[in-house]
Amino acid sequence: MRSIVPSATVAESHVALISSLRAQGIAVEPSQSRVNADKIWLTAPGEPIPAPARTVVIGGGDAERIVIPARDGAPARIAFGHTDSVVGNAFARALIAGPDMPTAADPESLALFALAERVAEADITVLINGPTGTGKEVLARTIHANSPRRDGPFIALNCAALPETMLEAMLFGHQKGAFTGASSGGEGFFRAAHGGTILLDEIAEMPLALQAKLLRVLQEREVVPIGATQPVAVDVRVIACANRDLQAEVAAGRFRADLYYRLSVFPLTTRALADRPQDIPALAATMILRHAGNRTTIPWPSAEAIVALTAHDWPGNVRELENVIQRALLFAAGGTIEAEHIVFDRPAPRAAAPVEADNATLGKVVQLSEFAAIRETLKACNGSRIETARRLGISERTLRYRLAKAREQGEDIAAPHGKVASA
């Protein structure tokens, strides 16, 4: 586990930063600690630098906001005032954590990663469910990195990206001459992951016939390569990911129930980015540092840019955010990313123009139809906003905005029996 050693000055002037780092699982050690490769030193400007390549110099107060990664043996440097503390703390976290530590700031995201670290200690199968682009592989790598298998291989396999005819051979291996074109043998991904972890992404795409063979591997801890007559023992932890509801897939006959229960020993769920807005500034800072290249000045997102990012509904989740950040870096020629540099994959919906109460314009008709759809869906869901948002294909935050807008327009969209809609 990475640990930090803040100086007394930094510990006193950056309490929120130190607390958030501790909440993310980073150990905080006293300033008298000895220098070693596992520690990052946090110092104030003008203080001694114990290990330049592993030191972050943090300024504050009225200092000009800057962020400079560690380069050529020089320490990383960052400075920001109170008004820039949200982005400043996000940049500092990114500099301290490095590229291998997952990025999280939202309380529920922090709780999810803390749970993942606990799950990592037990050598059990894990099923991670969540929308595409919400960090399921990052969560899987966190489990592997915190497990006793951390020194073993981590092999990620996308079941939807491999030809169905080759998937069995690639998973379980094959012997020379087992099929046309098999001029040599292959060990397969399971044997390649021996002693480590294998991630089976988009597990719902696996053909039913192959699901039965995977079930045997999970039960017996052995594989039978194509063309072989004897099984080969494997010592592998399996983490499966799905972006569809596997229970619904089981009910539809597209996924084996016995395999589902074998995989779902400990289920975890990632949430859409729009439902965890506090992660957005932290992710943006991490991505800016990742994609800024060798720039002498790392652009700093303005408060207006952060507002634009957090107000978006992010249908593409973290992958869409990364696209937006790369565009912003291209458009921002100076040291600041402004709101006009934030270009989304699709334009934000335009606000409806104000209309007279007795003027039934097309926009008013559309709005009334939308309110009616929300009202009927809320009624069908017994007032559950979570289920209503899911059925309407929008985020809970978007639903809350629509309900508030309805109240402003004099439309009281209530749950059945006159109750207020529940979460």
Side-chain angles (χ1 to χ4, degrees), residues 100 102 113 115-130 135-176 178 182 184-243 246 255-270:
D100 298 327
F113 280 108
L115 180 58
E117 291 180 8
R118 292 188 61 186
V119 172
E121 299 171 2
D123 198 24
I124 58 177
T125 305
V126 177
L127 175 63
I128 305 174
N129 204 282
K136 294 189 292 295
E137 183 172 337
V138 172
L139 191 61
R141 289 183 180 276
T142 300
I143 293 172
H144 173 73
N146 289 277
S147 75
R149 297 177 178 270
R150 66 178 65 87
D151 295 326
F154 178 90
I155 294 181
L157 174 67
N158 189 321
C159 298
L162 298 176
E164 185 174 327
T165 54
M166 294 295 296
L167 190 55
E168 181 178 357
M170 299 184 78
L171 280 174
F172 309 134
H174 65 274
Q175 290 191 332
K176 180 180 179 180
S184 60
E187 64 176 0
F189 287 112
F190 267 90
R191 282 191 285 173
H194 186 79
T197 303
I198 187 168
L199 169 64
L200 300 178
D201 198 5
E202 297 196 45
I203 190 72
E205 304 297 332
M206 181 173 286
L208 278 168
L210 197 55
Q211 290 177 26
K213 296 181 179 180
L214 175 60
L215 178 63
R216 176 173 175 80
V217 173
L218 294 174
Q219 291 177 161
E220 307 299 333
R221 297 292 173 179
E222 60 185 25
V223 298
V224 180
I226 296 177
T229 58
Q230 296 296 322
V232 179
V234 289
D235 175 24
V236 175
R237 179 186 198 148
V238 175
I239 301 177
C241 295
N243 55 18
L246 286 188
F255 201 83
R256 292 180 63 106
D258 48 5
L259 178 57
Y260 167 74
Y261 289 111
R262 179 64 66 173
L263 290 172
S264 189
V265 177
F266 201 101
L268 296 172
T269 303
T270 58

Quiz item: Run the side-chain contact (heavy atoms from CB on, under 4.5 Å) check on Val217 and Val238 step by step: do they pass?
Solution: CA-CA 10 Å; Val217 173; Val238 175; over 6 Å; no

Quiz item: Stepwise, does the side-chain contact (heavy atoms from CB on, under 4.5 Å) test hold for Val138 with Arg141?
Solution: CA-CA 5 Å; Val138 172; Arg141 289 183 180 276; 5.8 Å; no

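When side chains are defined from C-beta on, Val224 does not count as touching Lys213, because their heavy atoms never get closer than 4.5 Å. Between Ile203 and Leu246 there is a side-chain heavy-atom pair separated by less than 4.5 Å. Looking at heavy atoms from C-beta onward, Leu127 lies in side-chain contact with Tyr260 at the 4.5 angstrom threshold.
Residues Ala120 and Ser147 come closest through the heavy atom pair O-CB, 3.3 Å. Taking both residues in full, the closest heavy atoms of Thr270 and Gly130 are given as OG1-CA, 3.4 Å, listed atom of the first, atom of the second, then distance. In terms of heavy atoms, Cys159 sits closest to Leu167 at O-CD2, 4.3 Å.
Within a 6.0 Å radius of CZ in Arg150, more than 12 heavy atoms belonging to other residues, nucleotides or ligands are found.
Considering Ile226, Val223, Leu157 as possible partners of Leu171, the one that fulfils the side chain to side chain contact (heavy atoms under 4.5 Å, CB included) test is Leu157. A side chain to side chain contact (heavy atoms under 4.5 Å, CB included) with Arg237 is found for exactly one of Ile143, Thr125, Leu199, namely Ile143.
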Show me the donor-acceptor pairs within less than 3.5 Å that the side chains of residues 228-235 make with the rest of the protein, sequence neighbours left out.
residue: Asp235; atom: OD1; partner: Arg149; partner atom: NH1; Å: 3.4
residue: Asp235; atom: OD1; partner: Arg149; partner atom: NH2; Å: 2.6

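Taking the ring pair (Phe, Tyr, Trp, His ring centres under 6.0 Å) definition, one finds that Phe154 meets it with His144, sequence neighbours left out. Scanning for ring pair (Phe, Tyr, Trp, His ring centres under 6.0 Å) contacts around Phe172 gives Phe190, with sequence neighbours left out. Evaluation of the side chain to side chain donor-acceptor pair (under 3.5 Å) rule for Arg262 yields no partner, not counting sequence neighbours. For Ala145, there are no side chain to side chain contact (heavy atoms under 4.5 Å, CB included) partners two or more places apart in sequence or in a different chain.
If you take CZ on Arg256 and CG on Leu263, they are separated by 11.5 Å, rounding to the nearest 0.5 Å. To the nearest 0.5 Å, atom OG of residue Ser264 and atom CG of residue Leu259 are 10.5 Å apart. Distance check, rounded to the nearest 0.5 Å: CG of Leu215 to CG of Leu210 gives 11.5 Å. Rounding to the nearest 0.5 angstrom, the gap separating the CG atom in Asn158 from the CG atom in Leu200 is 10.0 Å.
Legend: salt bridge (Lys or Arg N to Asp or Glu O under 4.0 Å) pairs involving residues 189-209, not counting sequence neighbours, sorted by first then second residue: Glu205-Arg244.
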